[in-house]
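Only one structure is covered here, and it is reproduced in the block below.
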Amino acid sequence: MISLSVLRHGETRLLTSGVLRGRTDDALTQKGWAQMHASFDDNFLSNQWQVIITSPLSRCLDFAKIKAMQYELGLVVLDELQEMDFGEWEGQRTADLYQKYPNDLSTWWQAPTAFTPPNGESVYSFARRIDEGLAKIEQICQTHHYQKVCMISHGGVIKYLYCRAQGLPLDSILTMPADLGELHHFGYHQGRLKI
């Protein structure tokens, strides 16, 4: 069984709440760094992570590099752990999108499987990508005999992990918890994810 702790990145320079960051590679603010340092450092001793596996986006990777060096941990970067690609909705405020596309945004909030933002990634494709990332994590852990992993990723990724662990439909994804700088814990074994 892999003990999988997942840390969401902290606050970023796109400070406005309700902005769809997605693949937009915005950097952490000072507060964002502090949020992540607090979550990581306060939990390191109780979790004894052996490796950090991170999204390549700078709001995750920059922090992961520092912590891997500070605690002498392995560091792996997986493209599969990036946030959902919102296509033409990237970097836009949901309030603005609602003004322009009220029906589309409403559908996406209520049943994200029924609508994909223009030129964006469908929820189904996103879920498949995260599943591929989990399979790679399991391979890495088997190869290097890791049992305790800290994964640094994004809100959408964490929300999907909760859906999968609880056997919930993908349309529940936007109702799951994932606050900035917050740590979440899962168990993973032979393709099975649990809380």
Side-chain angles (χ1 to χ4, degrees), residues 1-10 12 21-23 25 28 32 35-37 39-85 121-170 172-174 176-195:
M1 175 73 70
I2 299 165
S3 173
L4 183 64
S5 302
V6 188
L7 176 61
R8 185 183 178 192
H9 65 79
T12 68
R21 284 176 187 83
R23 299 288 182 92
D25 202 8
L28 294 167
Q35 289 170 323
M36 294 179 79
H37 280 298
S39 286
F40 193 99
D41 295 339
D42 290 351
N43 287 280
F44 181 77
L45 284 177
S46 59
N47 288 282
Q48 292 293 308
W49 298 306
Q50 298 161 292
V51 63
I52 297 174
I53 301 180
T54 183
S55 158
L57 296 178
S58 62
R59 58 189 183 266
C60 298
L61 180 58
D62 292 349
F63 179 83
K65 287 178 179 176
I66 288 171
K67 288 302 173 186
M69 188 177 298
Q70 179 183 348
Y71 287 95
E72 299 181 351
L73 303 174
L75 177 65
V76 178
V77 180
L78 287 183
D79 287 345
E80 290 84 355
L81 302 182
Q82 293 183 70
E83 182 60 282
M84 182 181 287
D85 184 347
E121 183 177 30
S122 74
V123 174
Y124 292 113
S125 295
F126 175 68
R128 277 194 302 274
R129 173 164 60 79
I130 303 308
D131 288 344
E132 289 166 7
L134 288 172
K136 284 187 179 180
I137 289 171
E138 191 160 41
Q139 277 186 326
I140 289 163
C141 289
Q142 288 172 351
T143 300
H144 298 282
H145 307 290
Y146 296 140
Q147 293 179 313
K148 298 181 178 185
V149 174
C150 181
M151 183 171 113
I152 302 178
S153 196
H154 306 272
V157 174
I158 294 166
K159 289 171 182 282
Y160 170 66
L161 295 179
Y162 274 112
C163 280
R164 180 170 164 183
Q166 297 174 85
L168 297 172
L170 279 176
S172 301
I173 193 168
L174 298 177
M176 298 293 109
D179 288 339
L180 292 169
E182 190 174 69
L183 194 64
H184 303 263
H185 300 282
F186 301 90
Y188 189 69
H189 182 63
Q190 294 181 342
R192 292 187 177 182
L193 189 69
K194 68 175 192 175
I195 298 174

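Small disclaimer: the values here were computed from a predicted structure and weren't measured. Below, all heavy atoms of this structure are taken into account, side chains as well, without hydrogens, waters or symmetry copies.
Judged as a salt bridge (charged side-chain N to carboxylate O under 4.0 Å, His left out), the pairs with a partner in residues 45-65 (not counting sequence neighbours) are, in order, D26-R59. Under the salt bridge (charged side-chain N to carboxylate O under 4.0 Å, His left out) criterion, the residue pairs touching residues 66-75 are D41-K67, with sequence neighbours excluded.
Listed by chain and residue number, Y162, L168, M176, I195 satisfy the side-chain contact (heavy atoms from CB on, under 4.5 Å) test with Q166 (two or more places apart in sequence, or in another chain). Taking E138 as the reference, nothing meets the salt bridge (Lys or Arg N to Asp or Glu O under 4.0 Å) condition, with sequence neighbours excluded. Applying the side-chain contact (heavy atoms from CB on, under 4.5 Å) test to E182 and every residue at least two apart in sequence or in another chain returns D179, H184. The side-chain contact (heavy atoms from CB on, under 4.5 Å) check on R192 picks up nothing, with sequence neighbours excluded. S125 pairs by the side chain to side chain donor-acceptor pair (under 3.5 Å) definition with S122, R128, not counting sequence neighbours. By the salt bridge (Lys or Arg N to Asp or Glu O under 4.0 Å) test, D79 pairs with no residue at all, sequence neighbours left out. In this structure K194 satisfies the salt bridge (Lys or Arg N to Asp or Glu O under 4.0 Å) test with no other residue, sequence neighbours excluded. Scanning for side-chain contact (heavy atoms from CB on, under 4.5 Å) contacts around S5 gives N47, W49, L183, H185, with sequence neighbours left out. Scanning for ring-ring contact (aromatic ring centres under 6.0 Å, His included) contacts around Y71 gives F40, F44, with sequence neighbours left out.
Between L28 and T12, some side-chain heavy-atom pair lies under the 4.5 Å cut-off. Taking 4.5 Å as the limit, some side-chain heavy atom of T54 sits within range of a side-chain heavy atom of L75. For the pair I137/Y188, no side-chain contact is recorded, criterion being any heavy-atom separation below 4.5 Å from C-beta on.
Not a single donor-acceptor pair under 3.5 Å links the side chain of R164 to the backbone N or O of D131. At least one donor-acceptor pair under 3.5 Å links the side chain of E121 to the backbone N or O of D85.
A salt bridge does not link E83 with R21: every distance from a Lys NZ or Arg NE/NH1/NH2 to an Asp or Glu carboxylate oxygen is 4.0 Å or more.
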Quiz: residues 142-149 side-chain donor-acceptor pairs under 3.5 angstrom, not counting sequence neighbours:
from, atom 1, to, atom 2, distance (Å)
T143, OG1, Q139, O, 2.9

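Pairing each heavy atom of R8 with each of M36, the nearest pair is O-CG, 4.2 Å.
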Next on the checklist: Working note: L134 + L161, criterion side-chain contact (heavy atoms from CB on, under 4.5 Å); need CA distance, chi angles, decisive distance, verdict.
Outcome noted: CA-CA 10 Å; L134 288 172; L161 295 179; 3.9 Å; yes
